[in-house]
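Everything numeric in this text was worked out from a predicted model, so none of it was measured.
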Amino acid sequence: MIHQVISSIKLLSTLKINKEQNKILAANKIEHLLNQIDFDSEVLPIDDSEELIQLLSSLNNEALTEKEVEMIQEISVTKMNLF
């Protein structure tokens, strides 16, 4: 019985770690793409997550991953809640 509980705890922990690692990878990718923007000549559409997704996809030369899109949406929601 205790072995099953331990196995379940380990499995859930591994799943959480994988999810957080994917989130970190998405954050790093978005950060990398943002570093490519010339903020003196480009206005970052932070209020419009769809526009921001299009801009970053264009810089990426391919569609963003589901996790990257989720992160951009989270950024937009967080920004709205801050101001």
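Val69 and Ile46 fall within a single hydrophobic cluster, where Ile, Leu, Val, Met, Phe, Trp and Tyr are joined by side-chain heavy atoms under 4.5 Å apart, directly or via other members. Ile75 and Leu59 end up in the same hydrophobic cluster when Ile, Leu, Val, Met, Phe, Trp and Tyr side chains are linked at under 4.5 Å.
A donor-acceptor pair is defined here as one N or O able to donate and one able to accept, closer than 3.5 Å; such a pair exists between the side chain of Glu68 and the backbone of Thr65. Side chain of Asn60 to backbone of Leu56: no donor-acceptor contact under 3.5 angstrom is found.
Annotation for Ile6: hydrophobic cluster partners, listed by chain and number, are Ile2 (ILVMFWY side-chain heavy atoms under 4.5 Å, direct or chained). Counting Ile, Leu, Val, Met, Phe, Trp and Tyr side chains that sit under 4.5 Å apart, directly or through other members, Val5 shares a hydrophobic cluster with Ile9.
Proximity of Ile53 to Glu50: side-chain heavy atoms (C-beta onward) are separated by under 4.5 Å at one or more points. Within the 4.5 Å cutoff, the side chain of Asn28 has no heavy atoms near those of the His32 side chain.
Residue pairs satisfying the salt bridge (Lys or Arg N to Asp or Glu O under 4.0 Å) criterion with at least one member in residues 5-27, sequence neighbours excluded, are listed as follows: Lys23-Glu74.
When the side-chain hydrogen bond (donor to acceptor under 3.5 Å, both in side chains) test is applied to Asn22, no partner is found at least two apart in sequence or on another chain. Residues forming a side-chain contact (heavy atoms from CB on, under 4.5 Å) with Leu44 (at least two apart in sequence, or on another chain): Leu34, Ile37, Phe39, Leu52, Leu55. Listed by chain and residue number, Asp38 satisfy the side-chain contact (heavy atoms from CB on, under 4.5 Å) test with Asp40 (two or more places apart in sequence, or in another chain).
Looking at every heavy atom in both residues, Ser76 comes nearest to Ser49 through OG-CB, 3.3 Å. In plain terms, the two heavy atoms of Met71 and Ala26 that are nearest each other are SD-C, 4.1 Å.
Other residues, nucleotides and ligands contribute more than 12 heavy atoms inside 6.0 Å of the CD atom of Gln36.
Here the CG atom belonging to Asn35 is positioned 12.0 Å from the CD1 atom belonging to Ile30, to the nearest 0.5 angstrom.
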